[in-house]
2 protein chains.
Amino acid sequence: MVTSVDSDVLKALSDPLRMQIVRLLAREALCTTHLVEETGARQTNLSNHLKALRDAGLVDTEPCGRFTYYSLRPEAVEALAGELAKLAATAREAAGRKRSC
Amino acid sequence: MVTSVDSDVLKALSDPLRMQIVRLLAREALCTTHLVEETGARQTNLSNHLKALRDAGLVDTEPCGRFTYYSLRPEAVEALAGELAKLAATAREAAGRKRSC
DNA sequence: GTAACGTATCACTCCATGGTGACGTCAGTC
DNA sequence: GACTGACGTCACCATGGAGTGATACGTTAC
């Protein structure tokens, strides 16, 4: 498929809390403790969501002593943005086309 | 919030069947019958998903006799793509920044 | 008029997923 | 060594959402 638009990434981003995490990580790398402060969510809950983001390839982890730094992977977000832009372009040039019933 | 990245739109796109519908509609306007043929899903099921896409502002409807044509709204997809690109850009320029523990 | 067709809505079941507490593990401090 | 704090994993429960059949509504054909 040409425009495969990774469904896993979209799913990972479709949760409001995960989206909030991604927005925070876009500004600077943070460790779980910071995210607990910023979001008000429980550590366990965050750990689950961070695992989901990791599995989707959206964030990188970097252990630092007993802390773990999380950072956003710009290329993953860019890839998704590109796919969507391509989809929109396709829709624009197909505007008006309709299959007859 | 600057990068508000509409969570509803992401949620609407995060379902594989809905993503498939969007991809089909990007190429040409289709009515439910066509989508039933293309996807193999039940009419009721499709109607539900189309409602979700309508509510998210991703598709337009155009009644045509007893048929209803659905078409993708490029601007909705473009808006999302733009937000994500902006997010990726923020992440790129913040690369290396980390909050100390 | 009635029949047939395309589509939307409702009520329901079932499954996936989010949130939580208990617990385990690893690193640093004493 | 023991203790504490930072994270991750597991098992459980509750909720949301997907899929479905029955049904209602509007339009076209007869």
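Proteins come first, then strands; the chains are lettered A, B, ... in the order of their sequence lines, and each starts at number 1. What's counted below: heavy atoms across the whole structure, side chains too, no hydrogens, waters or symmetry copies. Note that this is a predicted model, so its numbers are computed, not measured.
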Point to revise | Donor-acceptor contact present, side-chain R73(B) to main-chain G57(B), <3.5 Å | key: yes

**Study point:** Side-chain (R97(B)) to main-chain (A91(B)) donor-acceptor, under 3.5 angstrom
**Key:**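 Not confirmed, R97(B) side chain does not pair with A91(B) backbone.
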
Between atom [atom1] in [X] and atom [atom2] in [N], what is the gap in whole Å?
X	N	atom1	atom2	value
I21(B)	dA18(D)	CD1	P	11 Å
Y69(A)	dA6(D)	OH	C1'	12 Å
K51(A)	dA11(D)	NZ	P	14 Å
L46(B)	dT9(C)	CG	P	14 Å
L50(B)	dG6(C)	CG	C1'	13 Å
D55(B)	dG17(D)	CG	C1'	14 Å
N48(B)	dT7(C)	CG	C1'	12 Å

Practice item. Report yes or no: do R99(B) and H34(A) form a side-chain donor-acceptor pair below 3.5 Å? Key: no

**Study point:** Residue closer to the 5' end of DNA chain C, T68(B) versus T44(A) (nearest nucleotide)
**Key:**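 Going by which nucleotide is closer to the 5' end, it is T68(B).
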
Just compare [options] and give me whichever is closest to any side-chain atom of [X].
X	options	result
L17(B)	dA27(C), dG19(C), dG19(D)	dG19(D)
R54(A)	dC7(D), dG19(C), dT9(D)	dT9(D)
R66(A)	dC10(C), dT7(C), dT4(D)	dT4(D)
F67(B)	dG19(C), dA22(D), dG6(C)	dG6(C)

Practice item. Give the intermediate values and the outcome of side chain to side chain contact (heavy atoms under 4.5 Å, CB included) for residues E62(B) and Y70(B). Key: CA-CA 6 Å; E62(B) 186 196 351; Y70(B) 283 87; over 6 Å; no

Point to revise | Nearest heavy atoms of A88(A) and E78(B), plus distance in Å | key: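 Smallest heavy-atom distance, with atoms named: CB-CG, 3.4 Å.
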
For [N], does OP1 or OP2 lie under 4.0 Å from any side-chain N or O of [X]?
X	N	result
Y70(A)	dG8(D)	yes
S47(A)	dT9(D)	no
R42(A)	dG21(C)	yes

Every protein N/O lying under 3.5 Å from an N/O of nucleotides 16-18 of chain C:
residue, atom, partner, partner atom, Å
dT17(C), OP1, K11(A), NZ, 2.9
dG18(C), OP1, R18(A), NH1, 2.9
dG18(C), OP1, R18(A), NH2, 2.9

Practice item. Please step through side chain to side chain contact (heavy atoms under 4.5 Å, CB included) for the pair R18(A) and V22(A), ending with a clear verdict. Key: CA-CA 6 Å; R18(A) 284 199 290 265; V22(A) 166; 5.5 Å; no

Point to revise | CG on L25(B) to CG on L58(B), rounded to 0.5 Å | key: 10.0 Å

Check your understanding: Less than 3.5 Å between a donor and an acceptor, one on the side chain of Q43(A) and one on the base of dA6(D), is that the case here?
Key ->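 Donor-acceptor pair under 3.5 Å: no.
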
